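The shown structure was predicted, so the numbers you read here are calculated from the model rather than taken from an experiment.
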Amino acid sequence: MTIKERFAHNLRSARQGVGLTQEELAMMTEMHRTEISLLENAKRTPRLDTLVKLVRALDCPADELIEGLHWRSNFKTYGCWEITDPGVRL
C-alpha cells in the first residue's frame with residue numbers, strides 16, 4: 001500500500017460517511033470533481049491547502065484523513081512516510 005492509496009481510502013470513507021457525492025465535495029472545496037476523483041483513486045497526492053479544504057468541508061479532524069500514515073524522522077536521512085496499518089483492506 002502506498003501513501004496515495006492510504007489517503008484515497010481515508011478520503012473516500014470520510015466523504016461517504018457524511019453522505020456527500022464527489023461533486024458535492026468538489027463544490028464545497030472549490031475544486032473540480034475530477035480532482036476529488038484523482039485523490040480518491042490514488043492518482044494524486046494532496047497538497048497542504050487541499051487537505052485543509054477537505055477537512056473543513058468534511059468537518060473532520062485532519063487525523064481522520066491521514067490515519068494510518070506516520071512521518072518517521074531520521075537524522076541520517078531526511079525521514080520518510082510509513083504506512084502504520086498496512087493490513088487495512090482497500
S.K.: Could you pull out the closest heavy-atom pair between Ala14 and Leu58, with the gap in Å?
M.R.: CB-CD1, 3.9 Å
S.K.: What heavy-atom pair brings Ser37 and Gln22 nearest, and what distance separates the two atoms?
M.R.: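 Taking every non-hydrogen atom into account, CB-OE1, 3.6 Å.
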S.K.: Which atom names give the shortest non-hydrogen contact between Glu64 and Cys60, and what distance separates them?
M.R.: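 Scanning both residues, the minimum pair turns out to be OE1-CB, 3.3 Å.
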S.K.: Using modelled atom types and a 3.5 Å cut-off, is there a donor and acceptor pairing between side-chain atoms of Thr29 and backbone atoms of Leu25?
M.R.: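 Between the backbone of Leu25 and the side chain of Thr29 there is a qualifying donor-acceptor contact (under 3.5 Å).
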S.K.: Has Glu35 got a side-chain atom pairing as donor or acceptor with His32's backbone, closer than 3.5 angstrom?
M.R.: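 Checking the backbone N and O of His32 against the side chain of Glu35, no donor-acceptor pair under 3.5 Å is found.
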S.K.: Roughly how far apart are Thr34 OG1 and Leu39 CG, rounded to 0.5 Å?
M.R.: 10.0 Å
S.K.: When you group the ILVMFWY residues by side-chain heavy-atom contacts below 4.5 Å and let the links chain together, are Met28 and Met31 in the same group?
M.R.: yes
S.K.: Of all the heavy-atom pairs spanning Ala8 and Ala42, show the shortest one and how long it is.
M.R.: CB-N, 3.7 Å
S.K.: Using every non-hydrogen atom in the two residues, find where Gly19 and Glu24 come nearest and quote the distance to one decimal.
M.R.: O-OE1, 3.9 Å
S.K.: Is there a path from Leu51 to Val18 through hydrophobic residues (I, L, V, M, F, W, Y) whose side chains come within less than 4.5 Å of each other?
M.R.: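 Yes, same cluster.
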S.K.: Can Leu11 and Leu54 be said to form a side chain to side chain contact (heavy atoms under 4.5 Å, CB included), step by step?
M.R.: CA-CA 8 Å; Leu11 176 58; Leu54 292 168; 4.1 Å; yes
S.K.: Out of the candidates Asn10, Ile3, Thr2, only one should pair with Arg6 under the side-chain contact (heavy atoms from CB on, under 4.5 Å) rule; please name it.
M.R.: Asn10
S.K.: I need the Phe7 CZ to Thr50 OG1 distance, nearest 0.5 Å.
M.R.: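 Between atom CZ of Phe7 and atom OG1 of Thr50 there are 8.0 Å.
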S.K.: I'd like to know if the side chain of Arg15 reaches the main chain of Leu20, judged simply by a donor and an acceptor atom lying under 3.5 Å from each other, with no hydrogens or angles considered.
M.R.: yes
S.K.: Would you indicate whether Asp49, at its atom CG, is surrounded by more than 12 heavy atoms from other residues, nucleotides or ligands within a distance under 6.0 Å?
M.R.: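 Yes, enclosed.
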S.K.: Mark yes when over 12 heavy atoms from residues, nucleotides or ligands other than Gln16 sit less than 6.0 Å from its CD; otherwise mark no.
M.R.: yes
S.K.: Should the pair Lys53-Glu30 be classified as a salt bridge under the 4.0 Å nitrogen-to-oxygen rule?
M.R.: no
S.K.: Could you grab the distance from atom CD1 of Ile66 to atom CH2 of Trp81, nearest 0.5 Å is fine?
M.R.: 5.5 Å
S.K.: Transitively linked via ILVMFWY side-chain contacts under 4.5 Å: Leu38 with Leu48?
M.R.: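 No; tracing contacts between hydrophobic side chains, which count when under 4.5 Å, never links both residues.
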S.K.: With side chains defined as the heavy atoms from C-beta onward, is the minimum distance between Leu69 and Ile83 less than 4.5 Å?
M.R.: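 Answer yes - side chains close enough.
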S.K.: To the closest 0.5 Å, what do you measure between NE2 (His9) and CG (Leu65)?
M.R.: 11.5 Å
